[in-house]
Amino acid sequence: MSKTDIEIENMRTIILLLSQFLLIPVWASSVVIQSGSSDAQECAAAAHVAAQTSSSSEADINLCSKALEDKNLLRRDEAATLVNRAVIYMQQSNYRAAHTDLIEAKKLHSGLGAIYVNLGNIYFLGAAPEKAIEFYDTALNKGLSERHVAYMNRGLAKKEIGLLQSARDDIRQALNLYPDWKLAQEKLEQIETELESKNN
């Protein structure tokens, strides 16, 4: 079995498992376009809204697809637009299309931390938290601008596999970076309660 066949089979497994994990909240990370067309800029804005609100539309996908037709996009902005479309796909639960876009973005510009946060999200939602943690680690090493997102999601993935103290540390770090994040505060309180009950 080739590497591509293995990746396809892994994705089939992930898609089958997703329905069990959709209630776990994870946060996506969109990418700001540096020099792209107005369509690419609007795609980035739509992805940001999708990441914040967990909602998107087919019009958003079409906007990003149109932006990708621009032959003048720099490689970095083409990769960023693929990431942004992937974020929108994920909000529509189209994880296969999101994964395809993220892998293509990685080929174009592997230095974008948002690629790895979003790949981590797909694997986390696909019941592979250990693999997700690897992607979140990579995102943090790639200079991700929204570092609080990677820390929060990595903390949630660690909680899934029982690494409660490390999960607490990650979510504390997310709150250090983004102090007003109420959901992170709630998750931190839940983990601290679990740790207290284990120690008693």
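Remember, it's a predicted structure, so these values are computed and weren't measured experimentally. All heavy atoms count here, side chains included; hydrogens, waters and symmetry mates do not. Throughout, residue positions are numbered sequentially from 1 according to the sequence presented.
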Inset, instruction - Just do the side chain to side chain contact (heavy atoms under 4.5 Å, CB included) check on Val83 and Leu102 with the steps written out, would you? - result: CA-CA 6 Å; Val83 172; Leu102 292 167; 4.2 Å; yes
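- You'll find the side chain of Arg154 reaches within 4.5 Å of the side chain of Leu140, heavy atoms only.
- At least one side-chain heavy atom of Gln92 sits less than 4.5 Å from a side-chain heavy atom of Glu58.
- In this structure, Lys131 pairs ionically with Glu134, as a charged nitrogen and a carboxylate oxygen lie closer than 4.0 Å.
- Between Phe135 and Tyr116, the ring planes are parallel. Angles under 30° get that label, and only those over 60° would be called perpendicular.
- The shortest side-chain heavy-atom distance between Asp70 and Glu78 does not fall under the 4.5 Å cut-off.
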Inset, instruction - Begin with the C-alpha distance, continue with both residues' side-chain angles, and end with the deciding distance and a verdict on side chain to side chain contact (heavy atoms under 4.5 Å, CB included) for Glu186 and Leu183. - result: CA-CA 5 Å; Glu186 289 171 10; Leu183 286 170; 3.5 Å; yes
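- Looking at Asn141, Asn121, Asp170 one by one, the single match for side-chain hydrogen bond (donor to acceptor under 3.5 Å, both in side chains) with Tyr136 turns out to be Asn121.
- What you find for Ala28 and Val149 is that their closest heavy atoms are O-CG1, 4.1 Å.
- Between the side chain of Asp77 and the backbone N or O of Leu73 there is no donor-acceptor pair closer than 3.5 Å.
- The pair Glu192-Arg172 meets the salt-bridge criterion, with a side-chain N (NZ, NE, NH1 or NH2) lying under 4.0 Å from an Asp/Glu carboxylate O.
- Tested against Val31 for a side chain to side chain contact (heavy atoms under 4.5 Å, CB included), the candidates Asn118, Asn84, Thr81, Val87 yield a single pass: Asn84.
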